[in-house]
Q: 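Below you'll find the structure I mean.
Order of the sequence lines fixes the chain letters, A, B, ..., with proteins taken first and strands second; residue numbering starts at 1 for each chain. Keep in mind the model is a prediction, meaning the values are calculated, not measured.
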2 protein chains.
Amino acid sequence: MAQDNDNGHNSSNTSSLGSTANNGADVLVDTLLANGVDVCFANPGTSEMHFVAALDRKPQMRCILGLFEGVVTGAADGYARMADKPACTLLHTGPGLANALANMHNARRANTPMVNIVGDHASYHLHHDAPLTSDIESLARPMSRWVGRARHANEVARQAAEAIHQSTTLGGGVSTLILPADAAWSETSTSPVHAPAPEALELDASALRASVRALRDRGDGKTLLMLSGRALREDALLIAQAIAERTGAHLIAQQSNARAQRGRGRVSIERVPYNVDAAVKLLAPYQRAILIGAKAPVAFFAYPGKPGSMLPADCEITTLCPPGGDPLEALEQLAEAVGAARRPESLLALPSMAAADKLGWSSATPINALTFAQAMAELIPDNAIVCDESVSSGRDFFRYTMQAAPHDYLQITGGAIGNGIPLATGAAVACPDRKVVLMQADGSGMYTLQGLWTQAREQLDVLNIIIANRSYAILRGEFKSVGAGEPGRNASRMLDLDNPAIDWLAIARGCGMEAVRVSHIAALGDAVRAALGRKGPFLIEAVL
Amino acid sequence: MAQDNDNGHNSSNTSSLGSTANNGADVLVDTLLANGVDVCFANPGTSEMHFVAALDRKPQMRCILGLFEGVVTGAADGYARMADKPACTLLHTGPGLANALANMHNARRANTPMVNIVGDHASYHLHHDAPLTSDIESLARPMSRWVGRARHANEVARQAAEAIHQSTTLGGGVSTLILPADAAWSETSTSPVHAPAPEALELDASALRASVRALRDRGDGKTLLMLSGRALREDALLIAQAIAERTGAHLIAQQSNARAQRGRGRVSIERVPYNVDAAVKLLAPYQRAILIGAKAPVAFFAYPGKPGSMLPADCEITTLCPPGGDPLEALEQLAEAVGAARRPESLLALPSMAAADKLGWSSATPINALTFAQAMAELIPDNAIVCDESVSSGRDFFRYTMQAAPHDYLQITGGAIGNGIPLATGAAVACPDRKVVLMQADGSGMYTLQGLWTQAREQLDVLNIIIANRSYAILRGEFKSVGAGEPGRNASRMLDLDNPAIDWLAIARGCGMEAVRVSHIAALGDAVRAALGRKGPFLIEAVL
């Protein structure tokens, strides 16, 4: 899936198995390549120099520099969501990993396959407790499914294959392989290792029977199919919709999802709202919920006096397909069991959601959450990849873009802000022939703005739309939601970003990217259309 | 030490002991204030809204927003190094803490007192595994001396006092207190708690006797006093120099130090070089080393075939004062034991180091590591705070500025790059009447550039000098040092930052700060002098 460009990369994907590697770093790169991992997002340091040197000898590996590690792992997340295979990352000791953790957290919640290589001091140097020494395992574990350490060059290939396997199996996850410098630079005669094929949890026959019971002869509209992960791809959604038509069940997607295929000609489906009251109200009628790649919906945060679970207390929940299972297979078997058609008659899972008001394009129309969503419904180009970290400004987007041009929709999944710019960067690396449109809130955009530089360097086809409300607007809402009243002086100083206002045109220029600023809806439309007419990175600051 | 400014802060430091607190967040803020912690560097989220609301009721607490958590902890580090007391930080759940860890790592290595408050979900919400849930303790431990969790509002004051105590005692350290939202918002009738006074390890009498033995009647110049921490303040250095004069011992400072007081009228002392060969050569003559607040010098990284310990293998090492001890007391007792004078006759610990070549200011002179150091020797203003993350471009600085105007010198201590801009930010908050001069490499500056915005917002008196070599230049050297040869195409793509070049004028403008670019030494001098003539934040991009 990687781009054939001027970065020394070619699209040949031949396995290097059987080549004689010189050192641990060589056999590591060969093992990655042999398993189809041919993109490396990197921010190296001294302890990784032998790995970097090995990359020099393997032009098949595309190396992409991020000027901060949150860019590195966020880009690896976006890449894998679109490429359906892991990228590797290269990170420098404990602090480099620490900087990478927030976007590893998002990747973990997205079940993204990712292989992190974290360089460490040479094993015999650790007892000196040199300044960069830290407990890397303790840092890595909370955001990783699997953590390993290569204790010798001879272990590197096997450990790397295990890291790749753990990242791809059971629905995907984050692997972290710690590579001491001496394991990288020591000679080894080991060969690259093929990772075992990914596996999926087998469908639980009793869960399938329970699901069928919940659906069969229940035309009461009180059964919910809750979908996430692979279940939100176009093919899976068609089956889910056919089941819904056959059984009278309703479909809904999880609040945050790694990737959803949507737009005109695809099944339209609503998400569980972020707002607790709205979610509880929407889900109140349901007596039965069947989970397919999704988790039972819970409140993003606890609020005094409000429930943590969004489904009614007496709702009967059946997990047909846990995150480590195969949602497509689960839907196919469920469809067969309930006698659903192969294709649905209608694509409108919730008819009331499908109609979007047309926007009157005017210089008198301000940009706000509503007009922005309406505008995007008309502007999204065919087959785009839409990355969404619009936070409070994007609440209306999903609802208004049901009938937009077909697109892939990638969200922040773990609530660790600073995901958007890197995510768009990685998605563009995975899919060089598709336009990536990023909807980015300004407050969270500041976290990982260094990703703009990577977009500029790699000339990635990303349109970054910064939605500048010059505030942590979501927190102004949350301040009230938790019952804290109205923000005063100290609180406002922590919620507002308007003094000084961030100049995103200058930020973009600083990172080598052209940009324009717009402050009404007609100008937004002009700017987006102009940007879509050319390839390469661009930034629009949309001032609310 | 905090500034009386327009930020709702007043310099009154009255204890709030005895006030009736409403909830856990209130009693937490009151406990902080009662113990003199009156600056809060913050980047809050929903789970911290009650803490934010409590800050609204306490205008004595100065709240300073950072637009990324690495800015928050780096600023708290710089603040505490200059204020000699901790600031608190406010961080949002596991991912917010993760973003803060790299500069907590530097603070840990600097023995900086720091009190981190990390908000978490309400305790009863954790079992839902909501998107932001993670193992905060596992993340915090590697970079913290003490980690605690308040399990109820009634525990908050006691836990906060313990966090403050742990941060200030035994030479200083990083405390991390996890504050679940319900512990913050629940009512409590507990009162604020005073932290016990900081303690220091008692001087070890046998270590003192061993030190005296190593020094007495040994005029052979083969004994080294190795200093760090509090031993590098002006008063302590005078005693150390008097001991050196009396005994013929030599003084040297650790390679990285939290804070050193130096310049004209103060004891001039060299540091252990970063380069392994240079360090081994410098230390080769020494048969005895006495550690006072310092650690025995080790290589920053392991290099194939090179030693990890910098002192000769047969060097006799005596730890007179470990990091948890009192270096000033150790020096005083040692001086008395060896019969040293109260003040030294000369301030030149190593006479050969003291003479700096005068710079010919010319537009024909390029900016490089040498001319930059020579220029700074003449430009540093009296009583400045110099923060140094110049990395490869700053290697000559220390040697050439022995006779510069007296200044405090703050370094990156843990090798986690992205420390400089935040460090300068915090130092300026602590010392509003002093000019802060930051020497910042471009590659590491990109990590936490968001700190420029905080400087602009708070109108801090910081001159940021970005030394732009448009490369991870240190890694080009390290690539060779580890024996990896010459960088090829893939490696160069990970070591060079020149395509596109980062435009630091635009970055500064984006963050609300004025800036100029200079590319020869005369222009650098003009720009620095102009910037020193005014108050407030400014940035100079010095292109090498």
Q: Please classify the contact of A:His128 with chain B as side chain, backbone, both or neither, using a heavy-atom distance under 4.5 Å.
A: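 For A:His128, heavy atoms of backbone and side chain both lie under 4.5 Å from chain B.
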Q: Please look at A:Thr46 and chain B and tell me whether the side chain, the backbone, both or neither of the residue comes under 4.5 angstrom of a heavy atom of that chain.
A: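 Backbone plus side chain of A:Thr46, per the 4.5 Å heavy-atom cut-off to chain B.
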Q: At a 4.5 Å cut-off on heavy atoms, which part of A:Ala299 comes close to chain B: side chain, backbone, both, or neither?
A: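 Both backbone and side chain.
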Q: Tell me, side chain or backbone of A:Met513 under 4.5 Å from chain B's heavy atoms, or both, or neither?
A: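 Contact with chain B involves no heavy atom of A:Met513 at all.
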Q: Can you find a side-chain donor-acceptor pair between A:Ser123 and A:Asp182 that sits under 3.5 Å?
A: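 The answer is yes; a qualifying pair exists.
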Q: At a 4.5 Å cut-off on heavy atoms, which part of B:Tyr124 comes close to chain A: side chain, backbone, both, or neither?
A: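 Just its side chain gets close to chain A.
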Q: For B:Glu187 and B:Asn22, indicate whether the former's side chain and the latter's backbone hold a donor-acceptor pair under 3.5 Å.
A: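 Side chain of B:Glu187 to backbone of B:Asn22: no pair is present.
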Q: Without swapping roles, check the side chain of B:Trp185 against the backbone of A:Pro304 for a donor-acceptor pair under 3.5 Å.
A: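 No, because the side chain of B:Trp185 does not come within donor-acceptor range (under 3.5 Å) of the backbone of A:Pro304.
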Q: So, B:Glu458 and A:Arg493, do they make that salt bridge, N to O below 4.0 Å?
A: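 The answer is yes: the pair qualifies as a salt bridge.
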Q: Side chain, backbone, both or neither: which part of A:Asn43 has an atom under 4.5 Å from a heavy atom of chain B?
A: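 Looking at A:Asn43, just its side chain touches chain B.
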Q: Please classify the contact between B:Met143 and chain A as side chain, backbone, both or neither, with a heavy-atom cut-off of under 4.5 Å.
A: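 The answer is the side chain of B:Met143.
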Q: What residue in A:Leu139, A:Asp135, A:Leu97, A:Asn103 has the most heavy-atom pairs under 4.5 Å with chain B?
A: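 Among A:Leu139, A:Asp135, A:Leu97, A:Asn103, the one with the most close pairs to chain B is A:Leu139.
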Q: Have A:Tyr447 and B:Glu69 got a donor and an acceptor in their side chains that come within less than 3.5 Å?
A: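 Looking only at side-chain atoms, B:Glu69 and A:Tyr447 do form a donor-acceptor pair, the distance falling under 3.5 Å.
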Q: Taking every heavy-atom pair that is under 4.5 Å apart, which of A:Ser492, A:Gly418, A:Gly414, A:Gly477 has the most such pairs with chain B?
A: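 When all of A:Ser492, A:Gly418, A:Gly414, A:Gly477 are compared, A:Gly414 has the most.
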Q: Are a donor atom and an acceptor atom from the side chains of A:Ser256 and A:Thr413 found within less than 3.5 Å of each other?
A: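 Their side chains do not contain a donor-acceptor pair, so the 3.5 Å distance test is not met.
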Q: Quick check for you: among A:Leu101, A:Leu505, A:Asn499, which has the greatest number of heavy-atom pairs under 4.5 Å with chain B?
A: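 Counting heavy-atom pairs under 4.5 Å, the top option is A:Asn499.
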Q: Which of the residues A:Pro297, A:Gly45, A:Ala53, A:Ala302 is involved in the greatest number of heavy-atom pairs with chain B at under 4.5 angstrom?
A: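 Highest number of heavy-atom pairs under 4.5 Å: A:Ala302.
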Q: Give a yes-or-no answer on whether the side chains of A:Asp496 and A:Tyr472 include a donor-acceptor pair shorter than 3.5 Å.
A: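 No, no side-chain donor-acceptor pair sits under 3.5 Å.
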Q: Donor-acceptor check, side chain of B:Asp498 to backbone of B:Arg470, threshold 3.5 angstrom: yes or no?
A: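 Answer holds: no.
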Q: With a 4.5 angstrom heavy-atom cut-off, is it the side chain or the backbone of B:Arg509 that approaches chain A, or both, or neither?
A: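 Answer is both: backbone and side chain atoms of B:Arg509 are under 4.5 Å from chain A.
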Q: Who wins among A:Gly485, A:Ala122, A:Pro487, A:Gly415 for the most heavy-atom pairs under 4.5 Å with chain B?
A: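 Looking at each of A:Gly485, A:Ala122, A:Pro487, A:Gly415 in turn, A:Gly415 comes out on top.
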Q: Using non-hydrogen atoms and a 4.5 Å limit, figure out which bit of B:Ala181 sits close to chain A: side chain, backbone, both or neither.
A: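 Looking at B:Ala181, nothing touches chain A.
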Q: How about B:Asp56 and A:Asn490: does a side-chain donor come under 3.5 Å of a side-chain acceptor?
A: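 The answer is no; no qualifying pair exists.
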Q: Enter the distance from A:Ser309:OG to B:His125:NE2 here, rounded to the nearest 0.5 Å.
A: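 Nearest 0.5 Å value for the OG-NE2 distance: 8.5 Å.
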Q: Could you check whether any side-chain heavy atom of B:Asp120 comes within less than 4.5 Å of a side-chain heavy atom of B:Ser47, counting everything from C-beta outward?
A: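 The answer is no, as the side chains (C-beta and beyond) never meet within the 4.5 Å cut-off.
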Q: Using non-hydrogen atoms and a 4.5 Å limit, figure out which bit of A:Glu486 sits close to chain B: side chain, backbone, both or neither.
A: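 Just its backbone gets close to chain B.
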Q: Less than 4.5 Å to any heavy atom of chain B: does that hold for the side chain of A:Arg457, its backbone, both, or neither?
A: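 Both backbone and side chain of A:Arg457 come within 4.5 Å of chain B.
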Q: Please determine, among A:Val71, A:Asn99, A:Asp129, the option with the most heavy-atom pairs under 4.5 Å with chain B.
A: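 With the most close heavy-atom pairs to chain B, the winner is A:Asp129.
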Q: Which residues satisfy the ring pair (Phe, Tyr, Trp, His ring centres under 6.0 Å) test with A:Phe301, sequence neighbours excluded?
A: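 With neighbours one apart ignored, the set is B:His92, B:His121.
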Q: Only pairs of heavy atoms separated by less than 4.5 Å count here; which of B:Gly512, B:Ser138, B:Ala130, B:Ala102 has the most with chain A?
A: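 When all of B:Gly512, B:Ser138, B:Ala130, B:Ala102 are compared, B:Ser138 has the most.
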Q: What part of A:Arg57 is in contact with chain B, defined as an atom under 4.5 angstrom from a non-hydrogen atom: side chain, backbone, both or neither?
A: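 Looking at A:Arg57, nothing touches chain B.
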Q: Please flag which part of A:Leu497 lies under 4.5 Å from any non-hydrogen atom of chain B: side chain, backbone, both or neither.
A: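 For A:Leu497, the contact with chain B is made by backbone and side chain together.
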Q: Relative to chain A, which of B:Cys40, B:Ala296, B:Pro44 shows the most heavy atom pairs under 4.5 Å?
A: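 Winner by heavy-atom pair count: B:Pro44.
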Q: If we only count heavy atoms from C-beta on, is the A:Arg489 to B:Pro59 side-chain gap below 4.5 Å?
A: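 A side-chain contact under 4.5 Å is absent here.
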Q: Could you check whether atom NZ of A:Lys480 has more than 12 heavy atoms from other residues, nucleotides or ligands sitting under 6.0 Å from it?
A: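 Not more than 12 within 6.0 Å, no.
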Q: Which one wins on heavy-atom pair count under 4.5 Å against chain A: B:Glu478, B:Met49, B:Met104?
A: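 If we count pairs closer than 4.5 Å to chain A, B:Met49 comes out on top.
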Q: Counting only heavy atoms closer than 4.5 Å, note whether A:Thr133 contacts chain B via side chain, backbone, both or neither.
A: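 Contact with chain B: backbone and side chain both.
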Q: Report the option among B:Pro131, B:Ala140, B:Ala506 that has the most heavy-atom pairs separated by less than 4.5 Å from atoms of chain A.
A: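 Ranked by contacts with chain A, first place is B:Pro131.
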